[in-house]
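Throughout, protein chains are lettered first and strands after them, A, B, ... in sequence-line order, and every chain is numbered starting at 1. Please read these numbers as outputs of a predicted model, since none were measured by experiment.
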Amino acid sequence: MSLLEVKNLKKIYRTRMGGHEVEALKNVNFSVEAGEYVAIMGESGSGKTTLLNILAALDKPTSGVVLLEGRDFSQIKESEAAQFRRNNLGFVFQDFNLLDTFTIEDNIYLPLVLAGREYGEMNSKLIPVAEKLSIKEILKKYPYEVSGGQKQRAAAARAIITEPRIILADEPTGALDSKSSDELLSLFKKLNSSGQTILMVTHSARAASHASRVLFIRDGEVFHQLYRGESSDEALYQKISDTLTMIAQGGIGR
Amino acid sequence: MKKGFYSRMALNGLRRNRKLYLPYLMTGILMVAVFYLMTFLSTSPAVSEMSGGGSTQMILSLGKFVIAVFSAIFLLYTSSFLIRRRKKEFGLYNVLGMDRKNIGRILVRESLFTFLITVIGGLLIGIALSKLAELCLLNLMHESPDYSFSLSFKSIGWTILLFGGIYFVIYLNSLRQIRFSTAVELVKSENSGEKPPKANRIIGITGILLLAGAYYLAVRIQEPMEALLFFFVAVIMVIIATYLIFISGSVLVCRLLQKNKRYYYKANHFVSVSSMAYRMKRNGAGLASICILLTMVLVMISSSSCLYAGKDAALTARYPCDINVSCAKYGYSVQDKGYTEMLNASVESVVKDGEIDKDSVINYYEYCISGYLEDSHLSVCLNSLSNLSFIEYNKVAEVHFINLEDYNRIHGTDEKLNPGEAMICAVKTDDVGDTFSVEDKTLKVVKRLNQPDVSFVGASASVVSVTASVFAVVNNAAEYAKALGGFKDYDGTPMILMRWYYQFDSPASQERQIEIAAEIEDYYHSHNNFDDIDSSANFNAECHNVQRKDFYGTFGGLFFIGILLSIAFLVATALIVYYKQISEGFEDRKRFEIMRNVGMTKEEIKKSINSQMLTVFLLPVGMAVLHLAFAFPVINKLLMLFGVFSSPVLAATTAASILICLIFYVIVYRITSNTYYSIVTSGENE
């Protein structure tokens, strides 16, 4: 059984007065195995964000199911969804989503505190994570005092400290310079090689080239995918670029 | 550019920001209306013509001044908040190619429109309400209303002038705020990262010490005169302390809570405590302002309504009978006896038989002398008096010598005393032993009288008086007066004072009573042939009904002003609360979203926000009530200066004022927190 299965997912937005309909997701099907590193690529407006919101249980699909370890969570209640997010998912966002009222340390603790853990336990979890992400020095600082790369590493620390089933990353390199981007991507790779499942939404070919599989989504449908196989990052990057060029020329799937 | 372009831009700007501007305009209108009302009433001939109207108008002029200063500060503060919120908009105009001059033109028109809307609206409401306010005031003063309507162009002129000035300063200030920032700054100004609040220990501790000092002062004050002096000191200390504590002390508390890891890292404390520190830092000044405004409203409502409720009691204490004739003169003279007979004649020959209620007559004379009372001994000597420090003010006492025959006549008793013996009634002091001495004259106290049982004029007045009094009933008062006659004041006036009283109730009509009082004065001045006495004597024939109008005028005017100012302050409070909610709503929107992403349910977030907001809201009210509790004894003593002595009434009006403020505050909270939630949750759909 796959870790995550997405079947016939459909999402239609209606304007408030009814009438106008926008089909954000037409019919999305894919699955993610445990330990996989999947990148989802697509232009703006292709339905990436909608898909991620549904996977994060922040939004509900119009039809279709999302199974995590065989359990459908796309229709659970809001209060359960919050708990579900806390226990099973870790998030990394483009704009970091750190609370400016907390120190970096407290930001990382946030999901654990919400889950009702003791301070001692939280602290013992934090130290190895902080070392792994090399943010030990900035723990006592506030988000506004550190660089973008450091903020994103702190956000990653917040995502992995709960030992989630899947990390969902939404354009994690979008607000970073190229050096910080590379650092974050190699960090993700390191996490993945230690068994962490990662699902990343991006439109950067460079970011996607670190994944083990790349899904292309357009007009609310998955219309192509690439497997890394034995190829190197550079080779995968080349393949992705080729695919994108083809999409731009309207080649594939039409 | 096309004609009318800037005006259209300005109007659009106001319309687009109506959520911000509508309350601002409404507050402005209210301030204008209140100011017009006060100006109108303080110059209204209807008010000045009635008796007691003079004192009312003086109080109204004072209130007018308070409202003018308050409006200026408050409108300026609010408008700078509005401009800050709109910097982005102006930045956008700048980016789109308008220079500062163009923006200035828009600002000029905006200010002009604001001014016109506010002043015209306020004047219309003020004029519409002016008659009603006049009737209310007349009613409070127990005057018969007159229903003619009048307009005061002078008041309108003053109102336009004042608010024109205020809005001009506001315009200059907004211009300054826009001018000193670049386009990029203007566009970005809302998102500049905020530093974490630092708890400044020194400021926080200073605040707490100041508050403790002010409270100590308030509790320690014993004497009304002291209260008057220290009240303003205490008020200023409390205002400063409130600001310091809200700005720094609260952050300090949050920081201490954060240090306690076991407390802090709990789901229900974690988010609340850390956001609270930010909220307090941002809102410290606003909260302190709310607290102080509420305290002022509480003090005004409770004290002015207590004064108003106590006006009759104060009047009766001061003027117990319908007609009160009295005469006071310094020094002892052998002619005193004959003089009092002449005084009695001046009353008895004027008042005809049917015009006097014989049972109510209180007619006697006494000698009194003030001094320093210690260990049952009154020293009159100036040298000992001049050494007095202010704190020992409560040892100053006035001793009254009253003849036994007068006592027996008034009270219908048949007491007997030997020479050197006395019956004593001590008010506001217990420092009278078995023997009581005044300088070298010693009295043996054979009987003690209780204040409510004696009907001396001074006895009821002494309760009103701020110092202690000792009434000594003796065989021959003149003997003591003669012995103490040698003590002189610095300017040579004898310290002994003779007081004569003749007071009675009269079944005659009010108009006749007033006539009687005037006739008595006339008679005294035309028949008095004691030349040497006349120059120093102070003769008064006062009519209760005349005095009542003056009392009602003063107390009714104070009550009226108290209510008007309270309304203005409460509305200002509501406006601060509203803007606080709006600005917090915009700031919390992003935070709300993040927390949801990280795994908090909507309910959890709502609960956390609710508890924070409730704390933030209850803090100023709680603090205001605390201030009021400590101010209570001081207010009580200050009211004594007005002759109002009822602590239970003050307690009742205080409780009522707290209730009114609380209800008002809760309603404001309800309405504004809805606005807050709609702002915070609107972020989800974007």
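Ion pairing between a basic and an acidic side chain is recognised when a charged N comes within 4.0 Å of a carboxylate O; B:E89 and B:R16 show such pairing.
A pairwise comparison of heavy atoms in A:G148 and A:F96 identifies O-CE2, 3.6 Å as the closest pair.
Annotation: cation-pi pair B:K580/B:Y578 absent, no NZ/CZ under 6.0 Å from the ring centroid and within 45° of its normal.
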message = side-chain contact (heavy atoms from CB on, under 4.5 Å), that's the test. Do A:L110 and B:V271 meet it? Break it down for me.
response = CA-CA 8 Å; A:L110 185 61; B:V271 175; 4.1 Å; yes

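Of the atoms belonging to A:L98, it is backbone heavy atoms, and not side-chain ones, that fall under 4.5 Å from chain B. Using a 4.5 Å cut-off between heavy atoms, A:D106 touches chain B through backbone and side chain atoms alike. Interface remark: A:F93 contributes side-chain atoms only to the contact with chain B (heavy atom separation under 4.5 Å). Within the 4.5 angstrom heavy-atom criterion, only backbone atoms of A:R117 (N, CA, C, O) approach chain B. For a residue to count as touching a neighbouring chain, one of its non-hydrogen atoms must lie under 4.5 Å from one of that chain's; by this rule A:D95 touches chain B with the side chain only.
For B:Y579 (side chain) and B:L20 (main-chain N/O), a donor-acceptor pair under 3.5 Å exists by modelled atom type.
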